Amino acid sequence: MSESSDPIALLDSAFRAATAAAFPEIGDADPLITASKQAALGDFQANIAMSLSKRVGKPPRDVAAAIVAKAGAMPDLQRIAEPLTDKSIAGHGFINIRLKGDALASLLASMDTPALGVPAPEVTETIAVDLCGVNLAKQMHVGHLRATIIGDALARVFERLGHKVVRQNHLGDWGLPIAMVTAKIAADAKAGKIDLATLRLDDLDRAYKQAQRECTGDEAGLAAVERFDLGPKARAELEEQVSGAREKLAAAKSTLVKLQAHDPEIYAVWQRIARITVDECVAVCARLHATVRAEDTAGESSYSNELGEIVDDLVNRNIAEESDGALVVRLDGPGDLDDRGQRISEPCIIRKSDGGFLYATTDLAGIRRRVRKFGASRLVYAVDARQSLHFQQVFAAARKAGYADMTGGKVATLRHAGFGMVLGEDGRPFKTRSGENVKLTDLIDEAHQRASAEVNRRSAALPDAERDRIAEAVGVAAIKYADLCNDRMKDYVFSFDRMVAFEGNTGPYLLYAFARIKSILRKAQAEKRIDTGPNAPFRKAPLAIVQPQEKTLALAILRYPGALKSMAEACEPHRLCGFLYDLAGAFSSFYDACPVLSADNEQTMLSRLRLCDLTGRVLYDGLTTLGLPTVERM
RNA sequence: GCGCCCGUAGCUCAGUUGGAUAGAGCAUCGGAUUUCUAAUCCGAUGGUCGGAGGUUCGAAUCCUCCCGGGCGCGCCA
C-alpha cells in the first residue's frame, strides 16, 4: 500500500484512530474531515465532535477536547500537523488543523511522480461512453456541442484513471428520414444533377432538409379545404402538394426496403453519404480537440439485424407484451426502478403496431452489445437531459431483460449523464439570427477569429503561424471550458461577448497560467543555465513551503487526485474545472508574491522552480483530461 | 393530469458527506508593474439562497406544501 499524498486521507485515518481511542464504546466513526473554508481558521477541520455529542452524552466541546487529547499525542499526526491543543477547538466544537510546511513538502514530493499521485484503479473496468450522437447527412451543430465535449471529457477522465474506454458515436443513420435523403440523392445522382464523388456534407445537409419538406404533405390543410369548401383553386394546389408528398414518401419507403435488403445501388449511395458524414464529423471533432474517430462510430444501422432477435427474445421470455397492437415492456413492477428508485409508469415501446422498431429497441441492442461484446461494466450516455425518461425506460427494460448482466454475476452500471441546453443571450435556445442551428465549424471559426484579435494585440512579437495556432487553441479552450465549467444538468447561456474577454474564470485564464509557467522554465534554462530536461536535478530539489501563497498552492496541488476521482464518480466535469481554476488562481497569487528566478537564494529558487514545474504538470494533465488544448506561450 | 430538471449578488455561475460570517467571475469603485507574460494580482461595494413550514446542536443542502421558469409523458429520433 503506497503512502497517500492526500492530506484528507491521512487526517481521516489519524482522527478515526483518535476518536476510537477517546470513545471506545463508539467504535469506528467518520471524523468528518474537510478543507477549511477560511484559511485564517486552519487548513482542515474535523467536524465529528458535534455529531458525536448526543451519542456519548457530552457537550461537543468536551468531545472535541477528548479527541484532541488523543490525536495530539499521536506520532503520525505530530509529524504532519501543527500541535493540537485546546486552542485548536473553536466554535461549537470544530477542531481546526494546520499542516506543517515540511509535511506539505513531503506530501508534494510523494505526489511528484509521472502519475501525479493518481493511484492505479483497484479494478480496471471497461467503460462505454456514448458521445457526439450525430445524424447522417447533417452538419454538426450546436446541438452536438455538449454531447461531444462532455462525453469526450468523461471518456478522458476514465482513461486517465486507468480504465479502458470504448467511445460510441451513436450515429443516426437508419430509418425513414435517412431513406428520404438517400432516395433523393440517389435520384439526383442518376439524373446527373450531382456527382457522388465530389458531394460534400453541405450539399447533403441541404438535400436532407429538402427531402423532409418534399415528403411532408399538408394533409391537415387539405382536410380543412375539403371540410370548409374553400374553393377549387386552393383545393387543387393542396391536392397536388399532398399527392406529390405522398409519392415522395412512398418512394422513400421503398428506398428504405431496398436499403434494408442491401440493394447494391441504394446501399452504395447510402454508404457514400455515411462516409461523407463520418469524415466530416471526425474532422470537426478534431478541431474541437475531442477524440472521436471513425472506428468509434456505431451507427443505428449496425444494430438493424439484431432488433428482430431482441424483440423475439423479450416476447419469448414474457418480458415484452402486446398492447394496442404494439409490443411494450412494462416497467411499473416492484423491481423496475429508475436511478432514483422511482417507479416508471410509462412502458417502453419496442415495436410499433406496424411491425417497425423504435430507437428504444436500438438502444437496448446498444446496451447488450456494450456489455456482452465490449465487456463494459459501466455505460455512460452523454445525451441531452430531455431524453431522461427514455433512458430510464431503456435502462430498466435492459436490466429486466438481463442485458446488463455481466459474466460473473455483476450487473453493469447504466448512467445517463444528461445535460441542459445551450441558450443564447436572450435566454432562448441558441440559434442564428435566421433561426437556424449554429454549425460547429462556424462556432469554432468565430471563437478563433475573436481570439486572433486578442492574440495579435497582446503577443504581436510571436511569428504569424504560432499566433494563429495560439488563437485557435484559445478560442477552442474558451468554448469548451465555458461548456464544461457549469453544472452539467443546467442550461447555460452561450456568449461570445463574455467569452471573448478571456478574463477571470475562463479557459484562456487556465492556458495563461500554464504559459507563464512554461515561460519561467524557458527563462531558467536560457538565462540561469538551469537544466530543465526530463531528469533535471531541480526536479529533486528540496521543497520549502514557507510563504502563505506557497502553502495555498501546495494545498491546491494536493487536491488533484481527489478532483479527478470526484469528476469521474459524479460524471461532472465542472468539478475538475473548479479545481483547475483554484489551482491557476493559487498559482497566479504565488507568481505575484513569490519571485522564482530572482529569489533570495539558490535553495528558494530551486524549490519554487520545482513548485512551478509540478503546478504546470498538474495543469497540463488536468486541461488534457478535460480535452482543452494547451499552448507553450501566448 | 403525472413525471423530471431548475430558481443563490445587477449579470453569468460555484457551493463537497448537512458545519463556523453563503463564495467566484463579470460589471462598478480604489490600489499594484525599474524585477519571471497586467489574458495577472490585492482590496471595496453588492444577498429575504423563490416563499412557507418541518427534521437537526446546526439547513442553500434533507422532508412536505406552495409560487415561478424549462422540459418530457405508447407506437418520431
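Note that the coordinates shown come from a computational prediction; the quantities given were computed from them, not determined experimentally. In what follows, every chain begins at residue 1, and chains take the letters A, B, ... in the order their sequences are listed.
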message: Tell me whether A/Arg516 forms a cation-pi arrangement with A/Phe587, defined as NZ or CZ under 6.0 Å from the six-membered ring centre and within 45 degrees of its axis.
response: no

statement: Rounded to whole Å, the CZ-C1' distance (A/Arg428 to B/C71) equals 14 Å

statement: Any strand, both distances under 3.5 Å, Watson-Crick or G-U wobble: B/C2 pairs with B/G72

- request: Using both distances under 3.5 Å as the test, list the Watson-Crick or G-U wobble partner of B/U35, or none.
  value: none

- prompt: Which value, in whole Å, describes the distance between the P atoms of nucleotides B/G51 and B/A22?
  reply: 15 Å

query: So what does A/Ala593 touch, heavy atoms closer than 4.0 Å: a base, only the sugar-phosphate, or nothing?
result: nothing

field: Between B/C62 and B/U56 - C1' atom distance, rounded Å
entry: 10 Å

- line: Closest of B/C41, B/A38, B/U40 to the A/Tyr591 side chain is B/A38

query: Within a strict 4.5 Å, meaning less than it, do heavy atoms of the A/Val311 and A/Thr361 side chains meet?
result: yes

- request: Can you see which heavy atom on A/Ala49 is nearest to which on A/Pro60, and at what distance?
  value: CB-O, 3.5 Å

- line: Rounding to 0.5 Å, atoms OG1 (A/Thr615) and CZ (A/Arg617) come to a distance of 10.0 Å

message: If you only use heavy atoms from C-beta on, which nucleotide in B/G25, B/U40, B/C36 is closest to the side chain of A/Tyr512?
response: B/U40

- prompt: In whole Å, what is the span from the CZ atom of A/Arg516 to the P atom of B/U35?
  reply: 14 Å

message: Suppose we define a pair by two distances each less than 3.5 Å, Watson-Crick or G-U wobble; what does B/A22 pair with here?
response: none

query: Contact class for A/Ser53 vs. all strands (heavy atom < 4.0 Å): base, sugar-phosphate, or nothing?
result: nothing

task: Return the value, rounded to whole Å, for the distance between atom CG of A/Asn47 and atom C1' of B/A59.
output: 15 Å

query: Paired with B/U64: which nucleotide, if any, by Watson-Crick or G-U wobble criteria at under 3.5 Å for both distances?
result: B/A52

- prompt: If every non-hydrogen atom of A/Ala396 is compared with every non-hydrogen atom of A/Ile344, which pair is closest and at what distance?
  reply: CB-CD1, 3.8 Å

- request: Searching all strands shown, indicate the nucleotide that pairs with B/U16 (Watson-Crick or G-U wobble; both distances under 3.5 Å).
  value: none

P gap between B/A32 and B/U17, integer Å: 43 Å

message: Please name the nucleotide paired to B/A59 by Watson-Crick or G-U wobble geometry with both distances under 3.5 Å, or report none.
response: none

task: Quick one, give me the B/S/- string for nucleotides 12-18 of chain B, reading 5' to 3', where B means a protein heavy atom under 4.0 Å from the base and S means that only happens at the primed atoms, P, OP1 or OP2.
output: SSSS-B-

- request: Remember a base hit wins even if backbone is also touched, and classify A/Ser51 as base, sugar-phosphate or nothing at under 4.0 Å, heavy atoms.
  value: base

query: Considering only the C1' atoms, how many Å lie between B/U61 and B/G19, rounded to the nearest integer?
result: 11 Å

- prompt: What nucleic acid atoms does A/Cys594 come within less than 4.0 Å of, heavy atoms only: base, sugar-phosphate, or nothing?
  reply: base

query: NA contact type, A/Asp173, heavy-atom cut-off 4.0 Å: base, sugar-phosphate, or nothing?
result: nothing

field: B/G18 versus B/A59 - spacing of their P atoms, nearest Å
entry: 14 Å

task: Look at the side chain of A/Gln38 and the base of B/A20, then say whether one donor and one acceptor between them are separated by less than 3.5 Å.
output: no

- prompt: Can a salt bridge be assigned to the pair A/Glu472 and A/Arg469 using a cut-off of 4.0 Å between side-chain N and carboxylate O?
  reply: no

- request: Inspect the contact between A/Glu425 and A/Arg498 and indicate whether a charged nitrogen and a carboxylate oxygen are less than 4.0 angstrom apart.
  value: no

task: Go through B/A20, B/A77, B/A39 for me and flag the one nearest to the A/Ser459 side chain.
output: B/A39

message: Base of B/A77, side chain of A/Asp384 - is there a donor-acceptor contact under 3.5 Å?
response: no

- prompt: Below 4.0 angstrom, N of the basic side chain to O of the carboxylate: do A/Arg450 and A/Asp497 qualify?
  reply: yes

query: Expressed in angstrom and rounded to an integer, what is the separation of A/Arg457 atom CZ from B/U37 atom C1'?
result: 14 Å

- prompt: Across the strands shown, which category fits A/Pro60 at heavy-atom distances under 4.0 angstrom: base, sugar-phosphate, nothing?
  reply: nothing

query: Hey, is A/Phe94 doing a stacking thing with B/A20, by the 5.5 Å centroid and 30° angle criteria?
result: yes

query: In whole angstrom, what separates A/Ile520's CD1 from B/U40's P?
result: 16 Å

- line: To the nearest angstrom, the CE-C1' distance between A/Met499 and B/G25 comes to 14 Å

- prompt: Hey, would you say the A/Tyr381 and A/His170 ring centroids sit under 6.0 Å apart?
  reply: no

message: Suppose you measure atom C1' in B/U48 against the same atom in B/U8; what distance do you get, rounded to whole Å?
response: 12 Å

message: Please give the distance between the P atoms of B/G47 and B/C11 as a whole number of Å.
response: 13 Å

message: Can you identify which nucleotide, out of B/A77, B/A39, B/G74, has its nearest atom closest to the A/Val328 side chain?
response: B/G74

task: Write down the distance separating the C1' atoms in B/A14 and B/C71, rounded off to the nearest Å.
output: 24 Å

task: Looking at every strand, decide which applies to A/Gln45 at a 4.0 Å heavy-atom threshold: base, sugar-phosphate, or nothing.
output: base

- prompt: Is the closest side-chain heavy-atom distance between A/Phe419 and A/Asp384 below 4.5 Å?
  reply: yes

Nearest-Å distance for atom pair CG/C1', residues A/Leu511 and B/A39: 10 Å

